[in-house]
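This is the structure I have questions about; it appears just below.
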Amino acid sequence: MRVLLTGHQGYLGTLASPMLAAAGHEVTGLDSGLYADCILGDLEQPDPPALAVDLRDVTVEQLEGFDAVIHLAALSNDPLGSLAPEHTYDINHHASTRLARLAKEAGVGRFVYASTCSVYGASGTADVLDEEAPMKPVTPYAESKVRVESDLVDLASDEFVPVSMRNATAFGFSPRLRADIVLNNLVGHAVLSGRILVMSDGTPWRPLCHGRDIVAAAIAAMEAPAEVVRARAFNVGRTDNNVQVRDIAEAVKVAVPEAELIVTGETGGDPRSYRVDFSRIEKELPEFRAAWSVADGAAELLREYRARGLTQETFDRRFTRLAVLHARQEAGTLDATLRPV
Ligand SMILES: NC(=O)c1ccc[n+]([C@@H]2O[C@H](COP(=O)([O-])OP(=O)(O)OC[C@H]3O[C@@H](n4cnc5c(N)ncnc54)[C@H](O)[C@@H]3O)[C@@H](O)[C@H]2O)c1
């Protein structure tokens, strides 16, 4: 298929381009390059050819000729969204829905949307949540994902097949690293400071999924029969990667045994706690299997951090989304609306 991959210069997009190419698809990227230079070591493959355009400015003509869009571009985490809620709604909601509408108009058949398990938010229940569970977003980021999912259901037709992938929190190595997701963060601190610091009592539940598995799920959804995925949502992850934060910290301790594990016991300001049911994707997209455990991911991260020479400076400044955007705005290379200048 001819695939437009938005966000191809992000953490997941950098994994997705080579995986799509290996699956026989022809990839064109679209990214405003917020983190284009935020690479640890070398890229495994050069970036694909791309439309150099902000998501907010894409035109219907630019979308003609594609068979599918995999839409990853976004302001991509909860704290980032809370800092700049108006840009989060602008990019993550309005520009995403507009992209889908224009893709439909251009005759693109498939639209795979990167949503998030954060839509379940403060679930207030110990039950395991399937796709029919109520959505209780607690941040502008998660709210924007809920709104796009709903818009996509309205846009679905015989010819236009949107699907929402509710991805668990990612982990694992990508050359365009992210340090601000829990496992990547804890392994980084363990390696750099010798401490595994859990700033809570460690009890909140988090579903985790390796970045490569998230990409594999998107590819499986793009290739699946239209009637299986049209206007539907799929939780993306695996059941035994529903873990409590203290389990994640313990997996890091196994990978980096010399590091000291400290659980502060605070009840933090983050109300998110949820366990997620992954049986729909297991049954209905049988091509997909989430391969990576949290322990395997911790070992991979340790290996890559050491081999590629991670430092405290790069960890804090180059691979933490919020810090990168602040620094670029201060340097004048990004305007107040997060457009490169
Ligand atoms: N990483 C996770 O834990 C996770 C979990 C669930 C869902 N997701 C979703 O998956 C997607 C990809 O996540 P990621 O971790 O790779 O994020 P990322 O921040 O690493 O990458 C996002 C990319 O989008 C681009 N982008 C942002 N605004 C843009 C705009 N206006 N125009 C063009 N490009 C723009 C950025 O430059 C960046 O390259 C996001 O939609 C995110 O919400 C991620």
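Sequence positions, counted from 1, serve as the residue numbers for this chain. For ligands, and for the atoms within them, numbers begin at 1 and follow the listed sequence. Bear in mind that the values here come from a model prediction, so they are computed numbers and not experimental data.
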Subject >> Any N or O of A168 closer than 3.5 Å to N or O of ligand 1 >> reply: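 No, A168 has no N/O under 3.5 Å of an N/O on ligand 1.
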Original post:
Hey, does A73 come in under 3.5 Å of ligand 1, counting only N/O atoms on both sides?
Top reply: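 Such a contact does not occur with ligand 1.
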Original post:
Can you name the closest pair of heavy atoms from T116 and K145 and give their distance?
Top reply: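 Result for this residue pair: CG2-CG, 3.6 Å.
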Original post:
Below 4.0 angstrom, N of the basic side chain to O of the carboxylate: do R232 and E284 qualify?
Top reply: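 Yes, this pair counts.
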Subject >> Non-hydrogen atom of Y141 closer than 4.0 Å to ligand 1 >> reply: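 Yes, that is the case, since the closest heavy atom of the residue is under 4.0 Å from the ligand.
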Original post:
Do S115 and ligand 1 have an N or O pair less than 3.5 Å apart?
Top reply: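 Between S115 and ligand 1 (N or O atoms, distance only) the closest approach is not under 3.5 Å.
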**OP:** May I ask which of L30, I70, D31 has a heavy atom nearer to atom 23 (C) of ligand 1 than the others do?
**Re:**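 The residue whose heavy atom sits nearest atom 23 (C) of ligand 1 is D31.
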**OP:** Kindly confirm or rule out an N or O of L34 lying under 3.5 angstrom from an N or O of ligand 1.
**Re:**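 Yes, since at least one N or O of L34 sits under 3.5 Å from an N or O of ligand 1.
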Original post:
Is any NZ, NE, NH1 or NH2 atom of the basic residue among R101 and D151 found under 4.0 Å from an Asp or Glu carboxylate oxygen of the other?
Top reply: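 Salt bridge: no.
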Original post:
Does at least one non-hydrogen atom of G211 fall below 4.0 angstrom from an atom of ligand 1?
Top reply: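 Contact check G211 vs ligand 1: negative.
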**OP:** Say whether A95 and ligand 1 are in contact under the criterion: heavy-atom distance to a ligand atom below 4.0 Å.
**Re:**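 Distance cut 4.0 Å: A95 fails for ligand 1.
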Original post:
Looking at E132 and R280, does any basic side-chain N land under 4.0 Å from a carboxylate oxygen?
Top reply: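 The answer is yes: the pair qualifies as a salt bridge.
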Original post:
Using the ring of each side chain (for Trp, its six-membered ring), is F315 parallel, tilted or perpendicular to Y305, with breaks at 30° and 60°?
Top reply: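 F315 and Y305: perpendicular rings.
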Subject >> Aromatic ring pairing F171/H210, orientation class (parallel under 30°, perpendicular over 60°, tilted between) >> reply: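 Ring orientation of F171 relative to H210: perpendicular.
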Original post:
Counting both backbone and side chain atoms, is some N or O of Y11 under 3.5 Å from an N or O of ligand 1?
Top reply: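 In this structure, Y11 places an N or O atom under 3.5 Å from an N or O of ligand 1.
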Original post:
Hey, are the side chains of R206 and R275 touching, using non-hydrogen atoms and a 4.5 Å cut-off?
Top reply: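 No - every pair of side-chain heavy atoms lies 4.5 Å or more apart.
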Original post:
Which option out of S76, G7, C209, G172 puts a heavy atom nearest to atom 18 (P) of ligand 1?
Top reply: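 Nearest heavy atom to atom 18 (P) of ligand 1 lies in S76.
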Subject >> Within-cut-off N or O pair, Y35 and ligand 1, under 3.5 Å >> reply: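 Min N/O separation from ligand 1 is not below 3.5 Å for Y35.
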Subject >> Partner of R176 by salt bridge (Lys or Arg N to Asp or Glu O under 4.0 Å), out of D31, D42, D47 >> reply: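 Single salt bridge (Lys or Arg N to Asp or Glu O under 4.0 Å) partner of R176 among D31, D42, D47: D47.
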**OP:** Please determine, by modelled atom types, if Y120 and R166 share a side-chain donor-acceptor pair under 3.5 angstrom.
**Re:**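 Side chains of Y120 and R166: pair found under 3.5 Å.
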**OP:** State if H8 counts as touching ligand 1 under the rule of any non-hydrogen atom under 4.0 Å.
**Re:**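 Per 4.0 Å heavy-atom rule, H8 does not contact ligand 1.
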Original post:
Among L72, L55, L208, which residue places a heavy atom closest to atom 12 (C) of ligand 1?
Top reply: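 Selected option, by shortest heavy-atom distance: L72.
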**OP:** Give yes or no for whether the N/O distance cutoff of 3.5 Å, strictly under, is met between G10 and ligand 1.
**Re:**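 For ligand 1, there is an N or O atom that lies under 3.5 Å from one belonging to G10.
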